Number of protein chains: 4
Amino acid sequence: MSQRPRHAPDPARRRETSRRAILTAAFELAGEVGYSGLSIEGIAARAGVGKQTIYRWWPSKGAVLLDALMLALQGEAPQENAAPQDDAALPDTGDLRADLKTVLRATVAELNDPRFDGPLRALAVEMLNDPLLAARYAEHIEKPMRRMKTARLHSAQRAGELPQDADLGLAVELLWGTLRAAWLERHRPLTPAYADLIVDTVLDGLRAGARR
Amino acid sequence: MSQRPRHAPDPARRRETSRRAILTAAFELAGEVGYSGLSIEGIAARAGVGKQTIYRWWPSKGAVLLDALMLALQGEAPQENAAPQDDAALPDTGDLRADLKTVLRATVAELNDPRFDGPLRALAVEMLNDPLLAARYAEHIEKPMRRMKTARLHSAQRAGELPQDADLGLAVELLWGTLRAAWLERHRPLTPAYADLIVDTVLDGLRAGARR
Amino acid sequence: MSQRPRHAPDPARRRETSRRAILTAAFELAGEVGYSGLSIEGIAARAGVGKQTIYRWWPSKGAVLLDALMLALQGEAPQENAAPQDDAALPDTGDLRADLKTVLRATVAELNDPRFDGPLRALAVEMLNDPLLAARYAEHIEKPMRRMKTARLHSAQRAGELPQDADLGLAVELLWGTLRAAWLERHRPLTPAYADLIVDTVLDGLRAGARR
Amino acid sequence: MSQRPRHAPDPARRRETSRRAILTAAFELAGEVGYSGLSIEGIAARAGVGKQTIYRWWPSKGAVLLDALMLALQGEAPQENAAPQDDAALPDTGDLRADLKTVLRATVAELNDPRFDGPLRALAVEMLNDPLLAARYAEHIEKPMRRMKTARLHSAQRAGELPQDADLGLAVELLWGTLRAAWLERHRPLTPAYADLIVDTVLDGLRAGARR
DNA sequence: GGTTAATCGAGACGGTACGTCACGTCTTGTT
DNA sequence: AACAAGACGTGACGTACCGTCTCGATTAACC
């Protein structure tokens, strides 16, 4: 069931310093040279590490990048057995509209952070080519985040702020997905006002006479 | 005397058969081997063409792909001086909701077409790495399409189906962008029902008590 | 207090089973994969031994091979303090020509033995690249053999079968060296007749009218 | 019959400057770093050439080395259709003994030339591992040389200086082979006196009473 | 209709990165 | 302390494509 690849390396013998050096180098290089300029060879050189040490522990360039981002974002790479921040939750003041604006504005700020732009784009591109990487990302980042988001919407549903039959998954896609697409495809500058606009429009809809 | 600069090929002498062979090969290969397996050498070999013939007429692999897709979709690559289907328009029966569902269902059908999935994905990836290509795409495909979409929404606005102050650009992003993201990132199977759901949710919003 | 320098292993604690396994593996692998395919990693893996155990006791791949051959040939690897077969001698029937043919035919048989061909070639190649190994080989194999050969020739000299001023060293090179070169460079099939021919030609010379 | 490997490159398009640069670099590096330090990568770097350009035209490192030596020795690499110096011949003054000494002394001088020692050794080692290379060497160098040598001995045979039934091939091996072995395995310093000694001993034999 | 110049196919070239292999050193338990 | 195991930094391997650059051999426009 939990079948390992041939000659699986022993994680207990793994050298932590090399792991950190690799992830740091990958993160920095992704920011400096972008996705298309990122290479395993470059990461190994910058990290002062043999290429084999990368190939030993990661199945692909994208997997390195994912761990690098998780290290940079959360201060730690995903642990197989450790649930990542189960206690984290979105703010819940009782006012869904205000809370969503707060959160989407924070997302805007994060996506505008020049340190994360390069690595995040590189990871996004990698995931389009690599379903396994996308699955890993979904497992470790997408799913927990989506759970938090859905939880907040569900709370609003219970409070009567959202209809009982609302499709909360689609709501997440409309709110955050639209923001993410605007960032990824650069067709809009990301501003707090844009975040607010998304929230208002998604909550109120486009129907004539809708009041905000 | 009026000597052409060294690297300005003469379009009049261009060999049409080679052009078609290249675009066809690019389209087919993108479908067969995906983005990461697509190479200029592969296209040239499959097309029975010298590499230089590609480099002479296209600035990048992505540009070839774009033309290949336009040839496949519209039966013709973009002409610099020809306005692309100015007369095309979205259906306008007076019922915005129904018209949008019709159009989004058609989009679902197109994105589900296995012939287009590979090339479209490949182009999407290329555009993330190549702003010039993205600009070219925007110019020749995105903008005309967006104009059509916005025109339909504007018509609805005039008919009182949408509020005067609605942000039609955002509306387009919510409607089609969400669908495109679901396709590109594969987090939902694309079905007509999903298209309908998007239309309803975006038109009506998420507020409690929203009428559908 | 009387602390041993860090890298001076204690021969008393050496594990004999590992030593044998290493030498056996080296000998077999040299026969199977040839010189260019022979690797320390391969030897260690086949012997079920850590690489360090090889590096601890032998200075180079060639040194392992040398010991492996001595184990296979003489049943024992060279001991630093043990004189190697001092009592061994070439046959001395009083007929130099006959005795030399006997010995060279035996050499032919040994070189034709498929079990030894691979390892011997591998060792020969190693020695060309590694003067220290060549010296070690000379010390433990070449010199004792040469002493035996020279002794037999010297005996013939005393018996009047060879002139007093004959260069016995050169004689050894002409007799055995020519045979060895024919084997190593494969420019002749090694047959007993060839051995006889060498003996006759070297003893009699090429001059016209030479008696055989 | 004359089947080429898949996708055989077109010799007409070959760049002569690159060929020379590669052969020169290989020759120099073989002298500087020896066989074990010689690498395709090193040759390519020193020659300012892509590795593929080497792999395109030569099947192995040894083949490069062979051509490099032929360029250095004869001023030209082997041409498929050109017979290499058919007119060349060993001196023939009518005195075999003197002529052989002249030639072997010249060989001594060549083998002692520090420029050739490294490359020649490297080639010798390569040939032991690579029968195809050895065959190529035999074809282009060994055979022509051997023909010249045999011709001189045959001439002596006709002149009555050698017996009619002498094995001229073995004679060549005894004369030059012994010299070459002494050089390759370094068991003797190569001096003109040693050359003379070989000639005298091989011509006269070791028999008691042989007069010179 | 013959001339001529640009495009064409083909592919060699100097490079960069790939993913693998073995090197010799080192580190971590086990015997 | 030697051992089996194997991770590590290093560097060469042989391959795939990159984008540039020659080569004749077609073309196709212009004389």
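For the numbers below, each heavy atom of this structure counts, side chains included, while hydrogens, waters and symmetry mates do not. Per chain, numbering begins at 1; letters A, B, ... match sequence-line order. As the structure is a computational prediction, the values presented were derived from the model and not from experiment.
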Next on the checklist: What I'd like to find out is whether the side chain of A/Ser60 reaches to under 4.5 Å of the side chain of A/Asp130, using heavy atoms alone.
Outcome noted: yes

Checklist entry - Under 4.0 Å: is that the gap between some side-chain N or O of D/Thr53 and OP1 or OP2 of E/dG14? => result yes

Item to check | Student check: side-chain heavy atoms of A/Tyr137 and A/Met70 closer than 4.5 Å | outcome: no

Checklist entry - Can you list, by residue number, the residues of residues 36-52 of chain A that have a non-hydrogen atom closer than 4.0 angstrom to DNA chain E? => result A/Ser39, A/Ile40, A/Glu41, A/Lys51, A/Gln52

Next on the checklist: I'd like to check D/Arg56 versus D/Thr53 (side-chain heavy atoms, cut-off strictly below 4.5 Å). Are they in contact?
Outcome noted: yes

Item to check | Spacing of D/Leu29 atom CG relative to F/dA12 atom P, expressed in whole Å | outcome: 11 Å

Item to check | Positive for side-chain contact (heavy atoms from CB on, under 4.5 Å) with D/Ile22, one of D/Ile40, D/Thr17, D/Ile54 | outcome: D/Ile54

Checklist entry - For the helix from E/dG1-F/dC31 to E/dT31-F/dA1, what angle lies between the axis at the first five pairs and the axis at the last five pairs, to 10 degrees? => result 10°

Next on the checklist: For a 4.5 angstrom cut-off between non-hydrogen side-chain atoms, does C/Leu66 reach C/Met127?
Outcome noted: no

Item to check | Pair A/Arg136 + A/Asp67: basic N to acidic O under 4.0 Å | outcome: yes

Item to check | Separation of F/dG19 P from B/Lys61 NZ (nearest whole Å) | outcome: 8 Å

Checklist outcome for this item: From CD1 of B/Ile22 across to C1' of E/dC8 the rounded distance in Å is 10 Å

Checklist outcome for this item: Closest non-hydrogen atoms of B/Leu69 and B/Pro119, given as atom of the first, atom of the second and distance, are CD1-O, 3.7 Å

Checklist entry - How many Å lie between OH on A/Tyr55 and C1' on F/dG9, as a whole number? => result 16 Å

Checklist entry - Hey, does the side chain of A/Trp58 come within less than 4.0 Å of E/dG19's phosphate (OP1/OP2), counting only N and O? => result no

Checklist entry - To the nearest Å, how far apart are D/Glu16 CD and E/dA12 P? => result 16 Å

Item to check | Flag side-chain contact, heavy atom, 4.5 Å: A/Leu133 against A/Leu65 | outcome: no

Checklist entry - For the pair made of CD1 in C/Ile54 and C1' in F/dA4, what is the distance, rounded to whole Å? => result 12 Å

Checklist outcome for this item: Rounded to whole Å, CZ of A/Arg19 lies from C1' of F/dC8 at a distance of 16 Å

Item to check | Aromatic D/Trp57 / basic D/Arg13 pairing, under 6.0 angstrom, 45° off normal | outcome: no

Give me, pair by pair, the N or O atoms of the protein and of nucleotides 26-31 of chain F that are less than 3.5 Å apart, along with how far apart they are.
{"residue": "F/dA28", "atom": "N3", "partner": "B/Arg13", "partner atom": "NH2", "Å": "3.2"}

Checklist entry - For F/dA4, does either OP1 or OP2 sit under 4.0 Å from a side-chain N or O belonging to C/Ser18? => result yes

Next on the checklist: Expressed as a whole number of angstroms, how long is the span from D/Asp10:CG to F/dT22:P?
Outcome noted: 17 Å

Checklist entry - Does C/Trp57 place a side-chain N or O at less than 4.0 Å from the phosphate oxygens OP1/OP2 of F/dC3? => result yes

